[in-house]
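This report refers to the structure that appears directly beneath it.
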Amino acid sequence: MWGRWCCTLILLSLLAQCIEVDSLSNRDRLRYRDRVAKMFYHSYNGYMNNAFPMDELASVSCTGKNTWSNNALTLIDSLDTLLVMNNRTEFARAVTWVGDNLHFDLDLNVSVFETNIRMLGGLLSAHSLILDLGIHVPNYNNQLLTLSQDLGNRLIKAFDTPTGIPYGTINLRHGVPPGEIDVTCTASTGTFALEFGLLSLMTGDPRYAYVAKKAVYAVWERKSGINLLGNHINISSGEWLYKESGIGSAMDSFFEYLLKAAIMFNDDDYFKIFLQSYVSIEKYQRIGSVYIDVNMDDGTPVMINFNNLQMFWPVLHGDIDAAAAVGRSMYMIWSQQGFPPERMNLLNGRALERFKGYPLRPELIESLYYLSRAQPYTTQWHDFGVKIFHDLHDRCRTSCGFAGIKDVETMEKDDRMESFFLAETLKYLYLLFDSSGSHWSDRASYLFNTEGHLLPIKWSVGNRVSDFYSKHICPMTKSIFEHPFLHDNTVADFKRCKAHLQQQQKKEEIVKKEEVVKEAPKEEEAATPTDEVTEEQFAIADEVTEDQVPMGDNITEDQVLMMDGVTEEQVVIGEQVTEDQVLMIDEVTEEPIAIDEATQGQASTEDRATTRESAA
């Protein structure tokens with residue numbers, strides 16, 4: 001049975017490599033870029049006219065709804081997208097409104113994960129970009145940073161657990177809600193390193209970075225013998241509730257943040273954990289150019305299903321040929337289904353019941369953007385983007401915005417436009433077509449959090465980014481950051497990466513065979529840990545050894561990489577970019593409305609309901 005599954009999945013992978021596309025000229029790319037900008041303003045204005053200051057637009061009924069925060073979430077999620085599209089005027093108006101009106105003293109239960117990546121990430125991104133680009137915001141006195149620290153102080157209460165693994169829900173005013181469940185998914189344990197780490201750097205308070213890193217260690221020390229993690233864990237006992245291991249929902253951003261935090265903060269510990277995870281995922285979960293869920297203990301297949309959130313994985317690939325193959329496979333699913341459902345059986349190509357929707361997710365577009373940066377002379381990624389643009393425009397557009405798809409088989413619209421549609425989906429689609437060489441194409445300067453918010457790397461590590469890459473000669477990603485100093489050595493470096501991965505897998509197989517015939521070790525002999533990774537297996541820095549990676553409760557604040565002496569005066573990010581250096585979009589006709597006009601007739605944030613069901 002398993003052999004037949006393998007053959008089917010490999011055939012799917014081979015078919016994906018045969019996709020034919022037409023070449024897109026540079027002029028056409030810019031034309032599509034500007035059409036994406038019009039899509040953004042249609043959505044943004046629709047939200048501001050019909051939903052602001054509620055969280056999201058109900059895009060079929062053209063009304064507003066509160067979902068995650070009761071705090072103008074779509075506006076917060078849109079701030080840095082306004083800058084990507086070179087609209088500093090509307091950005092300044094939005095920042096002024098946020099500084100004057102936003103507050104978090106609400107008797108409201110919120111998802112710790114979603115509030116972190118959307119709200120805290122959006123605020124920190126906007127504040128960083130104001131400083132980085134020298135943007136003039138009238139009467140701006142670090143209000144966004146003040147709001148960020150206030151929110152961080154409320155979210156950090158979720159980490160007060162026996163293991164250091166955070167609760168999934170927090171009440172913004174009162175802390176952990178009474179009776180809150182003590183189970184959370186893996187992604188919700190490890191997707192704080194960027195936002196909490198940056199907040200520590202900006203405020204000089206190490207607590208945020210400390211709890212974020214401690215949570216990652218607490219999960220990683222409970223990995224299996226083959227370096228895989230389960231997808232739901234008990235935050236009190238540290239026991240795995242579900243042992244299915246994959247790269248999709250409930251797990252995806254845990255791995256994303258390991259690599260991005262390693263780069264953001266020049267952190268060897270995060271990088272080493274990522275590298276071990278990467279090797280095991282590629283060995284046990286990948287079949288051809290698709291991925292499946294397996295048992296974390298022995299790697300046996302559990303579910304032969306596609307998961308929409310898997311589409312981000314090419315972003316983390318260092319082997320560009322492999323990443324391209326995965327990207328083509330993901331696109332084939334989109335093109336065959338019309339839209340990728342949340343989950344799909346890979347063997348019969350049918351969407352699973354209860355998972356037939358497409359809520360305007362960005363993951364495939366994100367991967368196409370990174371692949372286009374890693375392979376600038378390969379036109380297929382832009383051509384795929386054209387298909388995606390037309391699908392979104394023709395099937396999801398409403399009179400006031402864009403709607404998710406409730407069922408990809410019937411194409412029935414859902415009455416909701418998630419905030420990430422403006423934060424991520426349209427941002428990545430815009431950047432995919434932006435071949436103008438604009439400021440945002442400087443990948444050595446920025447990375448994105450998992451909500452698509454731009455975070456300046458220069459703020460965190462300065463020139464130490466090059467030190468990180470010179471130390472780790474085998475980085476697992478060219479598609480995230482293709483730094484100038486890597487250009488001459490990139491091809492050789494990644495061939496070495498692939499060779500090391502293959503060598504590691506062969507060594508593991510040999511060790512397993514030898515263990516079968518060996519006698520059990522004597523009691524007085526110290527057995528070699530099965531999960532120990534040697535320097536030769538990964539070709540990482542000589543000074544980083546397993547015992548230098550603190551685990552669980554043993555971590556101290558001194559072990560968290562910090563810049564304690566940072567003051568607000570020192571928060572200067574690179575050279576300022578002047579207004580005339582930013583490419584403007586003259587063709588865009590749908591201008592954003594002013595916030596003061598949109599607020600007429602709308603209820604204030606204090607008048608809205610302040611309770612909702614706890615996020616599981």
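Please read all numbers here as calculations on a predicted model, not as lab measurements. What's counted below: heavy atoms across the whole structure, side chains too, no hydrogens, waters or symmetry copies.
- Using a distance-only test at 3.5 Å, with no hydrogens or angles considered, a donor-acceptor pair links the side chain of Ser200 to the main chain of Ala209.
- Across every non-hydrogen atom of Ser128 and Pro456, the tightest pair is CB-CD, 3.6 Å.
- The two atoms that bring Gly385 and Leu429 nearest to each other are O-CD1, 4.0 Å, heavy atoms only.
- Nearest heavy atoms, Ala212 versus Phe196: CB-CB, 4.0 Å.
- Under 4.0 Å is where a charged nitrogen must lie from a carboxylate oxygen, and between Lys65 and Asp55 no such pair does.
- In this structure, the separation between CD1 on Ile320 and CG on Leu371 is 7.0 Å, given to the nearest 0.5 Å.
- Across all their heavy atoms, Ser188 and Phe113 have their closest contact at OG-CB, 3.6 Å.
- No donor-acceptor pair closer than 3.5 Å links the side chain of Asn231 to the backbone N or O of Met251.
- Aromatic pair Trp220/Phe274: ring centres not closer than 6.0 Å.
- The shortest distance between side-chain heavy atoms of Phe52 and Thr74 does not fall below 4.5 Å.
- Using a cutoff of 4.0 Å between basic side-chain nitrogens and carboxylate oxygens, Asp205 and Arg207 are scored as salt-bridged.
- Residues Asp434 and Arg29 are not paired through a salt bridge, judged by the lack of any N-O separation under 4.0 Å between the basic side chain and the carboxylate.
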Practice item. Applying side-chain contact (heavy atoms from CB on, under 4.5 Å), run through Leu75 and Met48 and close with a yes or a no. Key: CA-CA 8 Å; Leu75 179 66; Met48 297 299 295; 4.2 Å; yes

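- A distance-only check finds a donor-acceptor pair linking the side chain of Asn101 to the backbone of Trp97 [under 3.5 Å].
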Exercise for review: Output, in order, the C-alpha distance, side-chain angles, deciding distance and verdict of side-chain contact (heavy atoms from CB on, under 4.5 Å) for His382 and Ser372.
Suggested key: CA-CA 7 Å; His382 305 98; Ser372 73; 3.9 Å; yes

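- A cation-pi geometry, defined here as NZ or CZ lying under 6.0 Å from the six-membered ring centre and within 45° of its normal, holds between Lys213 and Tyr270.
- Ring centers of Phe389 and Phe433: at least 6.0 Å apart, outside the cut-off.
- Between Tyr208 and Phe192, a ring centre-to-centre spacing not shorter than 6.0 Å is recorded.
- Between Ile233 and Thr186 the shortest side-chain heavy-atom distance does not fall below 4.5 Å.
- Across Ala92 and His136, no two heavy atoms sit closer than the pair CB-O, 4.0 Å.
- In this structure, the side chains of Leu147 and Phe104 come closer than 4.5 Å at one or more pairs of heavy atoms.
- Checked for salt-bridge contact, Asp150 and Arg154 meet the test: a charged N lies under 4.0 Å from a carboxylate O.
- At a cut-off of 3.5 Å, with distance as the only test, no side-chain donor of Trp313 or Asp252 sits close to an acceptor on the other residue.
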Exercise for review: Please assess Asn109 against Ile170 for the test side-chain contact (heavy atoms from CB on, under 4.5 Å), listing each intermediate value before the final yes or no.
Suggested key: CA-CA 5 Å; Asn109 292 346; Ile170 198 78; over 6 Å; no

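- Using a 4.5 Å heavy-atom cutoff, the side chains of Tyr446 and Asp132 are in contact.
- Of the possible donor and acceptor atoms, none in the side chain of Asp414 sits under 3.5 Å from a partner among the backbone N and O of Arg416.
- With Asp77 contributing its side chain and Leu73 its backbone, the two residues share no donor-acceptor pair below 3.5 Å.
- A tilted orientation is assigned to the rings of Tyr369 and Tyr428, their planes being inclined by 30° to 60°.
- Of all the heavy atoms in Ile247 and Phe312, the pair that sits closest is O-CE2, 3.2 Å.
- Between Phe421 and Phe402, the gap from one ring centroid to the other is short of 6.0 Å.
- Thr425 places none of its side-chain heavy atoms less than 4.5 Å from the side chain of Arg361.
- Of the charged side-chain nitrogens involved, at least one lies within less than 4.0 Å of a carboxylate oxygen, so that Arg93 and Glu90 count as a salt-bridged pair.
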Review point. Do Tyr430 and Tyr32 pass the side-chain contact (heavy atoms from CB on, under 4.5 Å) test, and can you show the C-alpha distance, the side-chain angles, and the key distance before you say yes or no?
Key: CA-CA 8 Å; Tyr430 178 92; Tyr32 273 103; over 6 Å; no

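- Residues Leu431 and Arg373 fail the side-chain proximity criterion, which asks for heavy atoms closer than 4.5 Å.
- Contact annotation: the side chain of Lys260 approaches that of Leu194 to within less than 4.5 Å [non-hydrogen atoms, C-beta and beyond].
- For Glu418 and Arg118, the salt-bridge test passes: some basic side-chain N is under 4.0 Å from an acidic carboxylate O.
- Side-chain contact check for Asn308 versus Tyr358: some heavy-atom pair is nearer than 4.5 Å.
- Not a single donor-acceptor pair under 3.5 Å links the side chain of Asn171 to the backbone N or O of Val176.
- Between the side chain of Thr115 and the backbone N or O of Met119 there is no donor-acceptor pair closer than 3.5 Å.
- Other residues, nucleotides and ligands place no more than 12 heavy atoms under 6.0 Å from the CG atom of Asn139.
- Proximity of a side-chain donor or acceptor of Ser253 to a complementary backbone N or O of Glu256 within less than 3.5 Å is not detected.
- A salt bridge does not link Lys38 to Asp34: none of the charged side-chain nitrogens sits closer than 4.0 Å to a carboxylate oxygen.
- Classification of the Tyr140-His127 ring pair by plane angle, with boundaries at 30° and 60°, yields tilted.
- Not one N or O on the side chain of Ser78 forms a donor-acceptor pair closer than 3.5 Å with the backbone of Thr81.
- Proximity of a side-chain donor or acceptor of Ser125 to a complementary backbone N or O of Leu454 within less than 3.5 Å is detected.
- Around CG of Asp105, the count of heavy atoms belonging to other residues, nucleotides or ligands within 6.0 Å exceeds 12.
- Rounding to the nearest 0.5 Å places CD of Glu56 at 11.5 Å from OG1 of Thr63.
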